[in-house]
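As the structure is a computational prediction, the values presented were derived from the model and not from experiment. What you see below is based on every heavy atom in this structure, not just the backbone, and it leaves out hydrogens, waters and symmetry mates. When a ligand or atom number is given, it counts from 1 through the structure's own listing order.
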Amino acid sequence: MLDVLKGATVFPPPVWIMRQAGRYLPEYRETRKRAGSFLDLCYNPDLAVEVTLQPIRRFGFDASILFSDILVVPHALGRDLRFEEGRGPLMTPLEAEEIDGLNGDMFHVNLSPVYETVRRLRLELPAETTLLGFCGAPFTVASYMIAGHGTVDQAPARLFGYQHPEAMKRLLKILADWSARYLIRQIEAGADAVQIFDSWSGVLDERGFAEFCIEPVADIVRQVHAACPGVPVIAFPRGAGSRYTGFRKATGSDALALDWTVPLDQARKLQQEGPVQGNLDPQRLVAGGKALSDGVGTILAALGDGPLVFNLGHGITPQTPVSHVEQMLREVREARRG
Ligand code: CP3
């Protein structure tokens with residue numbers, strides 16, 4: 001996996017899946033019940049290590065992703081956060097006047113359980129399993145801080161960016177700086193590579209994409225590369241569409257995670273400039289059978305002769321049967337070059 005992130009072609013490709021520790025696994029649901037709340041699970045190294053390892057034990061994925069959430073960053077800056085069953089994250093909506101009150105004095109103290117989880121994972125994981133750290137991209141994190149909850153199109157965050165351009169700029173810069181420090185600490189604790197999740201970059205207009213997505217992501221990548229040369233950074237600007245083209249260069253990221261709507265001929269062009277990750281539709285994994293085989297086969301045929309990390313185009317959904325994950329792994333791992 002690390003070789004691929006540095007540009008090598010490996011076939012069959014390494015494979016992991018976004019949200020691989022999650023509710024589709026009975027052992028996750030069991031541990032989650034023991035933890036109490038979702039955040040208790042994120043901040044308890046014993047349990048966070050346990051759920052991170054569960055999909056590795058069961059499936060032997062080539063990469064393991066730290067179990068946490070992107071919203072622990074604003075939480076560590078003093079914003080309140082809770083997760084309600086069936087409603088996702090809930091925060092008190094951030095007002096423009098509150099931005100200067102974001103306080104990083106306790107940031108690394110608050111996140112020390114996460115660093116401890118990474119340290120223990122690197123010790124417990126097989127040496128050949130790549131350990132991924134992660135953070136949310138500033139715009140995606142800001143959209144939950146501003147709206148106070150998930151929305152379908154992040155209208156509150158877009159409006160905030162237009163009505164309070166200076167405040168938005170300051171907020172994204174604060175998030176970029178703390179996110180970079182957060183990733184650097186994860187790397188120092190043992191993460192081999194990191195991924196920046198910009199799940200909502202796709203809702204932005206051209207100028208918004210440049211200012212709210214590209215600029216802050218490039219800022220994080222620059223800081224991480226300066227502190228940790230040689231550690232690959234994967235960027236995931238979900239929904240970026242035609243704007244995936246040029247994104248690697250504009251942000252300095254090493255690898256591009258592609259959502260499932262990216263056409264494979266575009267993906268091949270992106271792959272000529274460096275590694276790509278993705279991009280199976282998670283609903284093909286829910287469907288299984290031929291729909292799944294078709295999806296796996298097409299991706300391997302289009303992207304198998306370049307640097308590819310096989311993955312989904314977004315997180316696995318809770319209703320996915322475990323047997324379909326097994327089918328996917330079998331088909332990727334038994335694939336022969338056509
Ligand atoms: O990939 C992994 O296995 C690592 C863990 C991980 C989680 N969240 C665990 C989680 C990662 C990398 C994330 C990132 C994350 N969190 C993103 C970016 C990626 C994406 O999916 O777009 C976002 C937008 C969030 C914010 C968030 N966290 C939402 C919107 C929700 C609710 C949605 C849901 O599925 O319920 C969460 C909760 C969450 N984060 C869960 C998990 C396993 C489910 C909560 C539970 O177990 O009760």
Which segment of [X] sits under 4.0 Å of ligand 1 when only heavy atoms are counted:
| X | result |
| --- | --- |
| Tyr144 | side chain |
| Tyr28 | side chain |
| Arg32 | side chain |
| Arg23 | side chain |

State plainly whether the residues [X] and [Y] are in salt-bridge range, i.e. N to O under 4.0 Å.
| X | Y | result |
| --- | --- | --- |
| Arg333 | Asp62 | yes |
| Arg58 | Glu27 | yes |
| Arg34 | Glu30 | no |
| Asp219 | Lys173 | yes |
| Arg170 | Asp100 | yes |
| Arg32 | Glu50 | no |

Going by heavy atoms, is [X] under 4.0 Å from ligand 1?
| X | result |
| --- | --- |
| Leu66 | yes |
| Ala21 | yes |
| Ser68 | yes |

Protein contact to [atom] [nearest heavy atom, distance to 0.1 Å]:
| atom | result |
| --- | --- |
| atom 33 (C) of ligand 1 | Arg19 NH1, 4.2 Å |
| atom 14 (C) of ligand 1 | Ile70 CG2, 3.6 Å |
| atom 11 (C) of ligand 1 | Phe134 CZ, 3.7 Å |
| atom 42 (C) of ligand 1 | Phe38 CE1, 3.5 Å |
| atom 38 (C) of ligand 1 | Phe83 CE2, 3.6 Å |
| atom 18 (C) of ligand 1 | Ser199 OG, 3.1 Å |

(message) I'd like to check whether His314 has a polar contact with ligand 1, where a contact means an N/O of the residue lying under 3.5 Å from an N/O of the ligand.
(response)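 By distance alone, the answer is yes.
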(request) Could you say whether the N/O atoms of Arg238 and ligand 1 ever approach to under 3.5 Å? (result)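 Between Arg238 and ligand 1 (N or O atoms, distance only) the closest approach is not under 3.5 Å.
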(request) Only heavy atoms count here, so choose which of Ile65, Asp69, Leu39, Asp259 is nearest to atom 28 (N) of ligand 1. (result)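 Closest candidate by heavy-atom distance is Asp69.
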(request) Look at atom 29 (C) of ligand 1 and find which of Gly88, Cys135, Pro89 reaches it with the closest heavy atom. (result)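 Nearest heavy atom to atom 29 (C) of ligand 1 lies in Pro89.
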(message) Under a plain distance cut-off of 3.5 Å, with no hydrogens placed, do Gln277 and Trp16 share a side-chain donor-acceptor pair?
(response)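 Per modelled atom types, Trp16 and Gln277 side chains form a pair under 3.5 Å.
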(message) Pairing donors with acceptors under 3.5 angstrom, does anything connect the side chains of Thr320 and Thr317?
(response)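 Indeed, the side chains of Thr320 and Thr317 share at least one donor-acceptor pair under 3.5 Å.
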(request) Could you please spell out the steps behind the side-chain contact (heavy atoms from CB on, under 4.5 Å) verdict for Tyr244 and Val276? (result) CA-CA 11 Å; Tyr244 265 106; Val276 294; over 6 Å; no
(message) Can a donor-acceptor pair be found, under 3.5 Å and without considering hydrogens, that links the side chain of Asn110 to the backbone of Met106?
(response)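 Yes: the side chain of Asn110 pairs with the backbone of Met106.
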(message) Between Arg238 and Ser199 (side chain of the first, backbone of the second, donor and acceptor by atom type, cut-off under 3.5 Å), is there such a pair?
(response)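 Checking the backbone N and O of Ser199 against the side chain of Arg238, a donor-acceptor pair under 3.5 Å is found.
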